[in-house]
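Reading through the structure tokens given below for one structure.
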Amino acid sequence: MSDELWTPDLTVDLAPNNPRELRLANPVIAASGCFGYGQEYAGVIDVERLGAFVSKGITPEPRGGNSMPRIKETPAGMLNAIGLQNPGIRGFIRKYPKLWARMSVPAIVNISAETVDDYAMMAALLDEQPAIAGIEINVSCPNIARGGYCFGWDPEMSADVTRAVGAATTLPLIVKLSPGAVDVVAVAEAVEAAGADAISLINTLVGMTIDVHRRRPTLGNVTGGLSGPAIRPIAVRMVYQVAAAVRVPVIGMGGIMALDDLLEFVMAGASAIQVGTGIFVDPGLPIRLIDELTEWMTRHGVRRLDEIVGAAQPAAARQFRFAGVETAGDSA
Amino acid sequence: MSDELWTPDLTVDLAPNNPRELRLANPVIAASGCFGYGQEYAGVIDVERLGAFVSKGITPEPRGGNSMPRIKETPAGMLNAIGLQNPGIRGFIRKYPKLWARMSVPAIVNISAETVDDYAMMAALLDEQPAIAGIEINVSCPNIARGGYCFGWDPEMSADVTRAVGAATTLPLIVKLSPGAVDVVAVAEAVEAAGADAISLINTLVGMTIDVHRRRPTLGNVTGGLSGPAIRPIAVRMVYQVAAAVRVPVIGMGGIMALDDLLEFVMAGASAIQVGTGIFVDPGLPIRLIDELTEWMTRHGVRRLDEIVGAAQPAAARQFRFAGVETAGDSA
Amino acid sequence: MSQRQLGGDLTVAGTSAPVRSREFVGEVVGIEPIMGDAAVLSVDVPMTVVHGLRSGRFFEITCRDEVAFDPLLRRPYSVYRIDAERGRLLFLVRPFGRGSAWLSRRRPGDRLALLGPLGNTYDIGPTSQNVLLIAGGVGVAPMVMLADEAIGRGLNVTFLMGATTVPGLLPATELPDRVEYVVATDDGSKGYHGFVTDLAADYVRWADQIFACGPESMYLELRTAIGPHRIGRRPTVQVSMEREMACGLGACLGCVVETRHGMVASCIQGPVFDLDEIIW
Amino acid sequence: MSQRQLGGDLTVAGTSAPVRSREFVGEVVGIEPIMGDAAVLSVDVPMTVVHGLRSGRFFEITCRDEVAFDPLLRRPYSVYRIDAERGRLLFLVRPFGRGSAWLSRRRPGDRLALLGPLGNTYDIGPTSQNVLLIAGGVGVAPMVMLADEAIGRGLNVTFLMGATTVPGLLPATELPDRVEYVVATDDGSKGYHGFVTDLAADYVRWADQIFACGPESMYLELRTAIGPHRIGRRPTVQVSMEREMACGLGACLGCVVETRHGMVASCIQGPVFDLDEIIW
Ligand SMILES: Cc1cc2nc3c(=O)[nH]c(=O)nc-3n(C[C@H](O)[C@H](O)[C@H](O)COP(=O)(O)OP(=O)(O)OC[C@H]3O[C@@H](n4cnc5c(N)ncnc54)[C@H](O)[C@@H]3O)c2cc1C
Ligand SMILES: Cc1cc2nc3c(=O)[nH]c(=O)nc-3n(C[C@H](O)[C@H](O)[C@H](O)COP(=O)(O)OP(=O)(O)OC[C@H]3O[C@@H](n4cnc5c(N)ncnc54)[C@H](O)[C@@H]3O)c2cc1C
Ligand SMILES: Cc1cc2nc3c(=O)[nH]c(=O)nc-3n(C[C@H](O)[C@H](O)[C@H](O)COP(=O)(O)O)c2cc1C
Ligand SMILES: Cc1cc2nc3c(=O)[nH]c(=O)nc-3n(C[C@H](O)[C@H](O)[C@H](O)COP(=O)(O)O)c2cc1C
Ligand code: FES
Ligand code: FES
């Protein structure tokens, strides 16, 4: 560290291999499903300061979502079973690109579908729209052609979706992995090979609670997705493993509630992070993370975020790939 | 409910298909790795009142375990990477069956190995021992013959272990599933077909944390197993799915900290439950659970636990099997 | 009800300054027992927060120690009363589960993280003269603030209150003098013996508007009880719906109520709904 | 050190009744600031708990609200001092992370869930006359109790204490009069300017036994500092090892220390170890 004045560089390009790039002023992104369509938090935080935000998951057709209750608090976490309530890709396009054009923060669209063709159809429609910075492909969806087996649990199925979407648009593509896969690294490698510009993880884990007074599942949908601090150790582990295996940027998420949590993901190998549940309980969190990260980097002489991305990885990072398997850990 | 005096029947047979039976006075079991060898809590609780206890995981050879640190607290949970420190099957046999012979509480031995033959070898040695009520097979171990791929992630590999152990002993066999499997129901069905007398779940989920000050993984072993209330929603979901698919008794565990949690697992379909992490933070918990369950059953007119096992399952329980897939939940 | 939506409140009445953030810290200045095991919590907050606040709106309160993440989610609490001069919010909290139990244990000097005001408001129509307020249990909170508003506008107010037993009733002294206060208890230990909704029928012809806050079952009883006496949708009935909430800002869609206009977020298009718009 | 293991304590000295449970609830009766930001917490507990308690042993304390599960695990705290007549345990707590911060905020009347006494003890040999006690920072807790014990037995006690700066030092008034108290600060603001372990060398020939409590780095410094002056393993050195713990009872094997006898649980075969037995 020298004495000259400097400010740390928080910028990150999440699609270095894509001519359209996905340049963010900082690595803090509001996660899909937790930030509506970028409008809802306008009265609470300065949305323009975010690195980017991701829209609620959009589907080919409008969806009314699941029956109530849709959320249930759990120890240091929450379950949600919203059921992808959204206006459908056409309803979305009628309303939001227009609104986003007035904002300067990069807006990413999260898409969900039950067939490869539907993913590609949505991507093609989005390709023509202004004010869309990138697409995040949510592969945690049932594949109808495969009897409802989740796309994201299978490397090939995830790669198929990635290829089809890549053929339909030149927009930067982030593939968002499902933690339900038995080998999340294999899925990451497959989608990287299929053309993903970046990989984000983790989506929620499937869980449920039972209302013991009524003797039935609490959520209207029976199962829901578990998020929040409770799942952070699982998310950090998966980011650590995936980052060691792929060359594209990794975006980490799962239970980030404070600067130390952000640093955990970055040191595990994430070039950027997303905040989901944390926004609900602490709306000021994303902006505070940016400020605190700037301050931390200044104090520690870290000029560019790159310098600490993957800092906790062993020197021969790829060797780690099967460490989670070989050392098992889950039967200690 | 009539006015006559009655006390609820908490007994349960966890191996109804096995002539040797596995009869418990109540459904509360101390989980493997959290209760040592049944001696450690003697000065704190009345061990004899437990339904049963499960020993620390025993391996073919003695193991010194992993380097420190081995445990790390996480939000509403903990990671452990003990590394199966244990005296090995022969050291175990020299010491513990003798001690257990003086106790009346059923003692179950948890076994871990890296080859099918080693599992069978341990089972054969245990078969001859007195004071052992049953074997719990921990399949969350790397299969050396399959490049370290975890036995418990694969239905066939789990079934192979079950069959081999079943051939080596007539002791009641509980197979303990790994939550890392992409389809835990398929594994459950495979081990049931292979002769498991009961199925227990879940073992811990693989996670890690990073020490951001030192910029390296916190645990000596890098990854560890996540347990405690944080994982309860995942555990309840898996028990709900497995119980709908198999006919053998299911033993549920994962983050039980109170009577309502026990009832959640029972209503999800568990005939008995195990308490692990909860014992560390609240040693009196297992005994309190027995008392509170008795009181609850009396108050609610539930004479036998059976009456509420699976109470939260839909009428056509088996239909649910793929509900976790079809409704995805993890991308709500 | 679109005029009652959140967007309209981004500028504080009486000033032209936009509210930069609705997230702030308040300080507990008092906690007094009321209605049996409940408590009124007085919280000092920035003046701008209290300014122009109307009944029905609520705040999302963090109900845990700063360093702990359990219980994780904020809890919504209606405003029970305001002290505009001191910049003070009053909440009525009944200890029920983990969040409310934590809140009930606060002491003066403790700090609270609040998000709000959120949601829409009860709306007294410009031509209304007679208003009927119906409160069930802890649902009395926004009704007390609404009674203050109605009396302030010179209206005739009848306030029906139901509780399981006497201790659960709001003390009459908490209401403005001019309010007609009628109570019911499930066990008949005071007032009418039975559901408070049974009393409502008598007021249907008199009331220009009905406002209610209580459990959902009370609204269903109310609909049945007043149905035969209403003329079309007159008088209108506004009810506050209770939903578990995550964001409180319309972002998560976890708190929806099914209405004739679809699944709407009760944290922004509610919590107050027209009884007849809800699909039960 | 097997005689110091847990099993031996299952019968309370002086009675023949077995201790049914070492899990109990205490009541905070006082909390006083000490050593800068630390505090001494006085907790009323059942008489039997205090009876016969010796230095080195610790209690696992639940550091969270009863209804919350975060932070989940209990924290081990050494006994700082006892008041045998009133059945009172004193703990010295430095706010560091989430558990200790919670503990430091307790007020009189609050209840605490405790498990203990756990672990082994410092052992003063029957022939010892001169004992050297060395404390680093908050590690002073068990050393104060040990000083009380040694003085009670009529021994000569020298007490070395090290801290970063003056406020971190134990006030001399906390120690029995007859103790020789020597301090060191890292910044030289009081006493010796440097590590407390530098002072130890002078006492090696005098001391029959050395007892220490502080961070691991202090033990390594100590070994180096006294090494040249020791004759074989004389004087013996007993140190208390700090490990994150889950069960506190030898059941989880999460707290092991590698010794010449293998990986041993520091919650039952420790926290006090012979310095020379540990593999660093
Ligand atoms: C707009 C709005 C305004 C509210 N205003 C108030 C208020 O002024 N005062 C007040 O005390 N509460 C109010 N509530 C309820 C409050 O938000 C909490 O739900 C309540 O305090 C219980 O929270 P808890 O954390 O203690 O219980 P939890 O531990 O969250 O409750 C456990 C379960 O009980 C259910 N539950 C919650 N409350 C009740 C209840 N009253 N009766 C039956 N079941 C319940 C929940 O669905 C939950 O599943 C309001 C809710 C909403 C949506
Ligand atoms: C046998 C034994 C006796 C103990 N006696 C005392 C006592 O008398 N007084 C007392 O205040 N503490 C004592 N401790 C330490 C105490 O148990 C806690 O670790 C400490 O209070 C911090 O807990 P926390 O929850 O605040 O921090 P956490 O949030 O648990 O700490 C976060 C991290 O900091 C590390 N850490 C913990 N303490 C320190 C420290 N002092 N310096 C540097 N890093 C640390 C931990 O390894 C942990 O990973 C003792 C520990 C043991 C094992
Ligand atoms: C209420 C809610 C709705 C969500 N909706 C979506 C979605 O539509 N698409 C998606 O890919 N992820 C969705 N997620 C997952 C989050 O984007 C994120 O992956 C997950 O919650 C983990 O991060 P967190 O712990 O910070 O919340 C949703 C999460 C929550 C809590
Ligand atoms: C410290 C520790 C050690 C464990 N060791 C074993 C083991 O040896 N064998 C095994 O099958 N499970 C082991 N487990 C897993 C538990 O038996 C249990 O499946 C898991 O912790 C979930 O339950 P819980 O949340 O109640 O702890 C261990 C868990 C912990 C916390
Ligand atoms: S609470 Fe999130 S939309 Fe209403
Ligand atoms: S803390 Fe569990 S063995 Fe020591």
Side-chain angles (χ1 to χ4, degrees), chain A residues 33 57 74-77 79-84 112 138 140-142 148-150 153 178 180-182 203-210 212 215-217 221-226 229-230 232-234 236-237 240 255 260 263-264 267-268 311-312 322-332, chain B residues 33 57 74-77 79-84 112 138 140-142 148-150 153 178 180-182 203-210 212 215-217 221-226 229-230 232-234 236-237 240 255 260 263-264 267-268 311-312 322-332:
Chain A
T74 68
L79 288 167
N80 88 81
I82 307 302
L84 289 168
S112 293
N138 174 10
S140 300
C141 302
Y149 195 89
C150 176
W153 296 350
S178 164
V182 72
N203 213 315
T204 54
L205 290 124
V206 185
M208 72 180 282
T209 61
I210 288 169
V212 297
R215 305 187 187 182
R216 65 178 196 217
N221 186 55
V222 180
T223 61
L226 185 64
R232 194 169 60 232
I234 300 169
V236 171
R237 186 262 299 177
Y240 191 75
D260 276 3
L263 290 173
E264 261 199 277
M267 290 177 183
F322 280 107
V325 178
E326 284 176 308
T327 55
D330 63 341
S331 63
Chain B
T74 68
L79 288 167
N80 87 80
I82 307 301
L84 289 167
S112 292
N138 174 10
S140 299
C141 301
Y149 195 90
C150 176
W153 297 349
S178 163
V182 71
N203 213 314
T204 54
L205 290 124
V206 184
M208 73 181 280
T209 61
I210 287 169
V212 297
R215 305 187 187 183
R216 64 178 195 216
N221 185 53
V222 181
T223 61
L226 185 65
R232 192 167 63 231
I234 300 168
V236 171
R237 186 262 299 177
Y240 191 75
D260 276 3
L263 291 173
E264 261 198 279
M267 290 178 184
F322 281 108
V325 179
E326 284 177 310
T327 57
D330 63 342
S331 62

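Naming convention: chains lettered A, B, ... in sequence-line order (proteins, then strands); numbering from 1 in each chain. Hydrogens, waters and symmetry mates play no part in the numbers below; they use all other heavy atoms, side chains included.
- Of all heavy-atom pairs between A:Arg237 and B:Val206, the closest is NE-O, 2.9 Å.
- For A:Leu79, the part sitting under 4.5 Å from any heavy atom of chain B is the side chain, from C-beta outward, and nothing else.
- For chain A, the option among B:Ala268, B:Ala230, B:Gly255 with the highest count of heavy-atom pairs below 4.5 Å is B:Ala230.
- Among B:Pro217, B:Gly77, B:Gly57, the residue making the largest number of heavy-atom pairs under 4.5 Å with chain A is B:Pro217.
- Of all the heavy atoms in B:Ala76 and A:Ala76, the pair that sits closest is CB-CB, 3.6 Å.
- Heavy-atom pairs under 4.5 Å with chain B peak, among A:Ala311, A:Gly33, A:Gly207, at A:Gly207.
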(message) Would B:Tyr240 and A:Val222 count as a side chain to side chain contact (heavy atoms under 4.5 Å, CB included) here? Give the steps.
(response) CA-CA 10 Å; B:Tyr240 191 75; A:Val222 180; 3.7 Å; yes

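- When all heavy atoms of B:Arg215 and A:Met267 are compared, the pair lying nearest together is CG-CE, 3.6 Å.
- Of all non-hydrogen atoms in A:Ala181 and B:Val182, the two that sit nearest each other are CA-CG2, 4.4 Å.
- Looking at A:Ile210, A:Thr74, A:Thr209 one by one, the single match for side chain to side chain contact (heavy atoms under 4.5 Å, CB included) with B:Val236 turns out to be A:Ile210.
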